[in-house]
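Below: the structure, in structure tokens.
A quick note: this is a predicted structure, and the numbers were derived from the prediction, not measured. Numbered from 1 within each chain, the chains take letters A, B, ... in sequence-line order.
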Amino acid sequence: MNTPKKQAEMIKEISGVNPLKCMKCGKCSASCPSYNEMDIKPHQFVSYVQNEDIESLVNSKSLWKCLSCFACVERCPRDVKPGKLIDAARQLVVREKGGDYLMADEIPELLDPELPQQLLVSAFRRYRR
Amino acid sequence: MYKIAKENLAALFQLIAGSRELYLPVKVSGQVNFRAWSEDAEVDLDTLKTVKSPKDAFFPQSEDLYTCRKDGKKLTVEPEALKEQDFVVFGMKACDVKGVEVLDKVFLADPVDSFYAARREHGTIVAMACHEPEETCFCKVFGADCAEPVADVAVWMTGEELYWKSLTEKGDALTKSAESLLAEADAEDEKKVEEEKASIRGIVEKLPYSNLSLEGWNGEALNEKFNSELWEELYKPCLACGTCTFVCPTCQCYDIKDYDTGHGIKRYRCWDSCMYSDFTMMAHGNNRTSQMQRFRQRFMHKLVYFPANNDGMYSCVGCGRCVEKCPASLNIVKVIKSFQNQGGDK
Amino acid sequence: MQRIGVFVCHCGSNIAATVDVKKVVEMAKMEPGVVHAEDYQYMCSEAGQSKIAEAIKNEKLTGLVVCSCSPRMHETTFRKAAERAGLNPYMVEVANIREHCSWIHKDMEEATKKAVILARAAIAKVNLNASLKPGESLVTKRALVIGGGIAGIQTALDIAEAGYEVDIVEKTPSIGGRMSQLDKTFPTLDCSACILTPKMVEASAHEKINIYTYSEVEKVSGFVGDFTVDIRKKARSVDMDKCTGCGVCQEKCPSKKNSNEFNRGLNTRSAIYTPFAQAIPNVPVIDRENCIKFKTGKCGVCAKVCQAGAIDYEQKDEILTEKYGAIVVATGFDTIKLDNYDEYAYNQSKDVITSLELERIMNAAGPTKGHLERMSDGKAPKNMVFIQCVGSRCADKRGKSYCSKICCMYTAKHAMLIRDKYPDVNVTVFYIDVRTPGKNFDEFYRRAVEEYGVNYIKGQVGKVAPQPNGQLLVQGVDLIDNKQILMEADMVVLATAIEPDPSVRKIATMLTASIDTNNFLTEAHPKLRPVESPTAGIFLSGVCQGPKDIPETVSQAGAAAVKAIGLLAKDKLMTNPCTAKSDELLCNGCSTCENVCPYGAITYEDKEVNDHGIRETRRIAVVNNALCQGCGACTVACPSGAMDLQGFSNRQIIAEVDAICR
Amino acid sequence: MQELINRAKELLADGTVARVLGWKAGDLPYNPEPAYFEKEEDFENFVYNGFCGANLSKYMIEASKLEGKTLVCLKPCDTYSFNQLIKEHRVDREKAYIIGVGCKGKLDIEKIKGMGIKGIESISGAEITDGADTLTIQTLYGEKTCSYADAMLERCHVCKGKEHKIYDELIGESKETKDAERFDSVAAIEAMSPEEKFAFFQKELSKCIRCNACRNVCPACSCRKCVFDSNKFDSSQKANVDSFEEKMFHIIRAFHVAGRCTDCGECSRVCPQGIPLHLFNRKFIKDINEFYGEYQAGEDTDSRGPLTDFTFDDVEPGIVAERG
Amino acid sequence: MSIETKEEFRPKIVAFCCNWCSYAGADLAGSSRLSYPADVKIIRVPCSCRVNPMFILRAFEKGADGVILCGCHPGDCHYSTGNYYARRRMTLLFSMLDYIGVENGRTRVEWVSAAEGVKFSTTMNEFVEKVRSLGKNVRLEDLRCRN
């Protein structure tokens with residue numbers, strides 16, 4: 001397991017985001033369609049990464065509630081892109097599982113009807129290789 | 001006399017270069033000039049004339065005289081060492097050899113130019129007869145015999161052989177060092193060389209410039225020639241470049257300059273050209289302010305002043321390089337002929 | 001050979017902490033021409049300067065090298081010190097061993113080595129320096145102010161009061177600028193027109209002030225003290241002298257459906273119009289693009305109804321050429337375009353407006369006669385949402401990276417005014433930070449919250465969605481409660497970022513005044529010379545230099561005026577002696593240099609020369625020293641090296657190159 | 001040629017011109033020299049043939065200082081140089097009477113000799129009126145032939161065209177000689193690796209003897225005193241003491257004539273060491289065309305040269321690295 | 001041994017900076033304590049258009065390994081047009097140097113405003129790094145200037 005510091009570095013590297021640019025305006029949270037489902041709110045993603053509390057982030061509900069609609073990415077006035085941060089956190093989880101990737105034919109069985117379609121699409125986009 | 005097959009020349013050059021520096025005609029990017037021999041050099045003995053004359057071997061286009069070093073406010077002066085390494089210049093022609101005679105008059109006369117003298121001392125000249133002289137040649141006019149050059153060693157190239165004849169002690173030394181590759185020539189060979197000489201002389205007779213007359217060109221003619229109105233006409237196409245002087249085997253003028261290396265000064269001398277506007281420029285200005293005067297200077301020097309000071313020896317050897325290379329097609333022959341015609345008219 | 005003195009400054013520990021100054025002194029002594037070298041704590045101090053003066057006298061110095069801070073800082077100081085001690089000031093060079101050395105390098109050995117080299121380069125240069133004498137140029141005692149807003153008006157008034165002639169060039173038909181569009185001003189809530197109009201009148205009535213409205217600066221040439229400016233007076237189609245300002249033409253004009261710029265397009269105006277009632281001059285202009293007469297050739301109503309016969313359809317643009325000693329730029333601002341902010345639905349709903357539009361709506365002379373109503377249906381709003389920082393503090397390309405500075409205060413003002421006039425309207429302000437530095441500013445904002453019950457929510461709005469019922473669904477966040485907020489509003493007001501007026505780019509280019517990446521004019525020094533452009537003779541007033549509110553603008557306007565007056569009060573200016581010079585013996589007369597000179601400073605003369613005994617008449621380049629600014633473009637264009645720059649000569653620069661590379 | 005002589009004599013006789021600048025036959029079949037003709041009898045030696053390659057525009061700088069008009073014979077390519085000199089105020093149009101002479105490509109004696117033809121006694125086929133496309137050369141070593149095109153100067157293979165850009169009258173027909181692309185040779189070098197480029201130029205320039213023929217023949221190098229002869233830049237060295245100086249001299253010379261060089265090819269024609277100097281100038285021309293739009297120096301007398309002009313969106317110097 | 005000297009190679013870099021923008025930008029880099037290698041030595045010129053190609057070749061002749069020219073951004077020239085001329089001149093000169101086989105990483109033009117201390121410092125860091133990777137300039141030097 002990586003240290004929190006290393007994890008935070010990895011997230012920053014994967015996402016290409018510099019959390020220090022955030023001016024805490026909250027526009028990401030204001031824009032988020034899944035806001036109410038989330039325990040950690042989009043604007044908080046940024047401070048969690050900044051504070052290197054990745055463990056909370058990867059264990060949060062938010063991790064799997066983000067639709068990756070990227071409204072926050074589009075609208076962020078500071079170019080911070082919280083959506084990319086959470087996306088990176090997800091990727092971190094996936095990576096730390098090692099080579100434990102899903103095979104395409106395993107997916108239908110695992111499908112949760114509650115899971116937003118957009119998340120699926122996003123996941124395929126991201127992990128197709 | 002010795003001989004060596006042409007195909008063995010490469011080995012000969014390698015052998016000579018093993019003990020001395022060797023300069024000979026080398027073709028680089030289509031042009032043949034005297035350069036230091038190296039294994040991959042494209043040696044070209046067939047081209048009659050190198051672009052530049054081989055005078056570089058004794059009087060390089062530029063050479064350092066001394067180095068002045070600065071250390072804080074302390075200055076040290078280190079004179080450039082004189083040439084100590086023996087070297088061979090292979091393939092000079094009769095005219096080029098005569099050119100060296102002219103340079104000797106200048107640099108070996110008192111005060112002796114030590115840099116030049118050292119080079120002359122350590123240099124051995126291997127001169128080659130001109131197998132096929134060209135229309136621009138007029139060495140005969142200046143008393144050179146391109147069929148039988150006089151140097152440390154004379155060589156003839158004919159057929160598949162090169163014939164080698166040592167003429168001096170230096171030549172003997174060189175011959176000795178190359179002994180392993182040279183074969184004794186026999187009477188048959190001697191005959192071939194004589195035939196070659198005859199053939200060359202035959203061609204020389206037919207050359208368009210061979211009958212050029214130098215009548216009237218001597219020290220006594222100084223004022224008459226100097227004041228001639230012809231110069232005003234002759235110089236006009238001159239572009240004031242230095243081509244004629246830089247390809248010439250006898251032009252010996254140089255300038256002395258300093259180069260700031262950042263750590264001191266390198267004093268060097270380099271060829272200068274009397275065609276240049278800043279030639280002999282002094283603090284007060286210039287002796288010769290017009291191109292006509294500069295143009296006249298060159299030819300007066302070659303045909304009048306030099307013979308006047310050197311027992312009638314002209315400082316032109318008739319190599320014809322200027323005839324070939326002048327961008328405006330001017331040359332010493334045209335000058336001589338113009339005066340001749342004018343004389344005739346009178 | 002020069003006798004050079006080298007003076008190495010410790011600058012306290014600024015230099016001495018990283019550069020071994022003793023070593024620099026010791027090494028400098030080794031350089032050719034150096035006869036004296038010493039170091040001192042603060043070379044720029046009184047004591048340091050007198051050390052220099054002493055050395056000049058005792059050692060008979062002919063040149064000085066000061067190794068210290070940037071020449072941009074103290075070159076003048078040392079040159080003046082040298083001059084006082086009897087040495088030509090241009091025999092002084094500064095080696096920058098602070099900004100370019102001690103401050104950026106940590107390793108002592110390395111920094112010292114570099115300082116030695118920088119000193120060596122300066123010494124090499126001084127060895128080739130020559131005494132230079134500045135020329136003189138006369139000052140035209142007249143100022144030009146570009147822009148007739150509050151900044152321009154105040155600057156013009158202050159200059160005029162000092163007794164100098166001032167011209168104001170304003171591109172719109174009236175002076176007044178943005179301030180004339182405002183309803184009330186913070187934090188005092190006094191009526192904008194009430195305090196502005198008297199200033200406008202004062203300016204127009206001032207005998208020293210000449211106002212060109214509906215005019216633009218077309219071309220600027222010359223230099224500090226002697227600018228020549230072409231002003232284009234656009235055809236007004238109305239004779240200024242004849243018009244009485246009765247307004248009948250505007251009433252009768254049949255073309256009435258033209259967007260009213262003054263009201264930010266919220267209503268319409270006639271084709272012949274004055275932008276607003278208190279316009280100065282009170283002379284209408286014909287908007288030729290929309291005038292029926294100009295479009296079809298028929299109509300001519302205005303001419304028929306004009307008793308004074310002032311209408312002149314034949315009028316043409318006029319170019320005036322005037323001379324000025326100083327130019328003040330006061331071109332002001334505009335709000336940014338919101339085309340890229342789809343999430344706020346500005347282009348989709350008429351009820352999403354900018355704050356400047358709200359000013360017009362609130363204004364009694366505005367499109368709604370001062371009644372707060374929705375532009376879509378005229379209904380009075382019940383719920384209003386204000387969104388702050390729209391386009392300000394934005395790192396992406398859609399907005400501006402800077403804080404627009406005035407929005408927090410005017411939003412508080414708007415909220416307060418609405419709650420005051422319409423107590424039943426709920427006002428919500430979404431903010432990121434509330435920034436209120438300024439006298440009585442924070443108190444003002446607190447009053448909005450505490451006394452007027454404005455609901456301030458910390459958090460930005462993510463989306464404004466127009467609903468089929470005409471309502472606006474505002475989706476925001478409350479970061480304090482950690483709650484997403486969905487609320488319906490009747491009107492949404494966007495505190496839109498401001499940017500320099502787009503015209504400023506062209507003007508800056510004409511003036512050769514530098515502008516930053518946001519198009520704000522750059523000041524000569526951000527702290528010490530905030531109202532001057534780096535280009536001599538150009539001064540900055542108002543928002544063209546950076547975001548400001550009215551009191552700041554007025555104070556800067558005054559400051560710019562004082563700087564301009566300081567210049568105009570001089571009869572003569574010393575010109576820079578570092579000008580180009582042509583060597584007549586080398587000049588080919590080929591005109592290449594003339595082609596690259598931006599100042600027209602090079603002309604040609606047929607001149608008799610004596611070139612080492614050859615006398616002939618040649619075409620020779622001659623440099624006008626008053627016009628030449630010393631850029632050196634000509635020196636490189638010149639193939640023969642005839643053209644050289646004094647103070648930065650070819651050989652001087654080459655000496656520096658050599659010294660650095662050796 | 002006779003028509004040209006007749007017309008020149010006519011103009012001399014009626015006082016239109018004070019002298020004629022043309023070519024005088026040399027003492028070898030291939031070395032005519034530029035010459036002035038002032039009297040009727042001078043024309044005996046007047047010649048205009050394939051060996052009259054010299055660009056007489058340069059001589060007009062001096063001729064412009066003389067009393068009266070000078071009749072000058074200019075080939076189509078020479079007229080570009082003349083225009084450029086007018087633009088730079090170095091020649092006086094009023095002092096020139098320009099006869100645009102026909103051209104069917106000029107010959108390069110170095111090329112002929114390069115084919116191993118030596119001992120030349122006479123050459124036929126070089127006359128401007130000759131229709132033949134073969135030269136027949138009598139030598140001491142027998143008769144030789146070569147095709148006219150093979151003996152042409154490099155510049156004629158990339159001829160700018162038959163049109164005279166400035167003239168008072170035209171005499172003689174010109175022939176299209178262009179059979180190669182002007183920038184191919186430059187492009188070939190551009191395609192080399194940096195090491196190959198360096199080796200190529202190092203080799204070529206090592207031959208340079210700093211005779212200044214290229215500079216002195218160049219109509220664009222019209223400076224009264226060259227920077228390399230003055231101490232203005234501390235650059236006067238006279239000889240290529242170090243290989244750096246060859247590069248310095250040729251780069252700076254090319255830079256000084258950049259945007260002014262008409263590509264007349266005189267530099268390459270006169271170089272005694274056969275250095276293809278036009279490769280420098282043509283590189284600049286190619287770059288200028290690519291970066292700033294097609295520009296032909298000497299096309300006219302009033303356009304702004306590319307180095308005394310700019311546009312706001314010119315390419316950045318970084319383009320050089322980007323192009324790779 | 002040769003590897004060791006390569007590691008220690010410190011290039012000589014000449015930076016020509018215009019007085020109004022880039023020199024001030026360098027000053028700002030200094031007052032902001034933004035470091036860049038001491039290999040860079042700045043020569044102040046009034047404008048980028050003052051820089052003659054001869055100066056650049058001269059620097060290489062005397063042993064410089066890289067030359068960089070900094071001026072005001074196009075459009076911001078204090079003399080209004082100087083940098084436009086400099087831009088053309090340098091483009092052509094650099095192209096020529098590239099053409100004769102001089103590594104194009106040894107020359108650079110960068111527009112640095114008075115406000116761009118950061119850009120000045122990053123530019124210099126990058127440039128020094130680039131020149132360092134190219135090693136000693138041997139194609140355009142005068143050997144006599146070596147020690």
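The distance from atom SG of C:Cys403 to atom CE of A:Met23, rounded to the nearest 0.5 Å, is 10.0 Å. Between the NZ atom in C:Lys463 and the SG atom in A:Cys32 there is a gap of 13.5 Å [rounded to 0.5 Å]. For the atom pair A:Ser29 OG and C:Ile485 CD1, the distance stands at 11.5 Å (nearest 0.5 Å).
For chain A, the nearby parts of C:Asn482 are the backbone and the side chain; heavy atoms of each come within less than 4.5 Å. Proximity to chain A involves both the backbone and the side chain of C:Arg393, based on heavy atoms less than 4.5 angstrom apart. Using a 4.5 Å cut-off between heavy atoms, A:Glu74 touches chain C through its backbone atoms (N, CA, C, O) alone.
Note on C:Ser392, C:Cys394, C:Gly399: by heavy-atom pairs under 4.5 Å with chain A, the leading option is C:Cys394. Note on C:Gln388, C:Lys458, C:Lys483: by heavy-atom pairs under 4.5 Å with chain A, the leading option is C:Lys483. Note on C:Tyr344, C:Tyr431, C:Tyr341, C:Phe430: by heavy-atom pairs under 4.5 Å with chain A, the leading option is C:Tyr344. Annotation: maximal heavy-atom pairing with chain A below 4.5 Å, among C:Gly391, C:Cys389, C:Ala395, occurs at C:Ala395.
Other residues, nucleotides and ligands place no more than 12 heavy atoms under 6.0 Å from the CD atom of A:Glu55. Few gaps surround CD on C:Gln467; more than 12 heavy atoms of other groups in view lie less than 6.0 Å from it. Heavy atoms from other residues, nucleotides or ligands lying under 6.0 Å from NZ of A:Lys6 number 12 at most. Within a 6.0 Å radius of NZ in A:Lys65, no more than 12 heavy atoms belonging to other residues, nucleotides or ligands are found. Around CZ of C:Arg505, the count of heavy atoms belonging to other residues, nucleotides or ligands within 6.0 Å does not exceed 12. Around the NZ atom of C:Lys400, the shell of radius 6.0 Å holds more than 12 heavy atoms that belong to other residues, nucleotides or ligands.
Taking every heavy atom of both residues into account, A:Lys24 and C:Leu479 meet most closely at O-CD1, 3.5 Å. Heavy atoms only, all atoms of each residue included: C:Gly462 and A:Ser31 are closest at CA-OG, 3.2 Å. Nearest heavy-atom pair, C:Gln460 versus A:Ala30, reported as atom, atom and distance to 0.1 Å: O-CB, 2.9 Å.
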Handout entry: A:Lys27 and C:Glu343: CA distance, side-chain angles, deciding distance, side-chain contact (heavy atoms from CB on, under 4.5 Å) verdict
Key = CA-CA 11 Å; A:Lys27 199 172 179 180; C:Glu343 67 258 42; 2.7 Å; yes
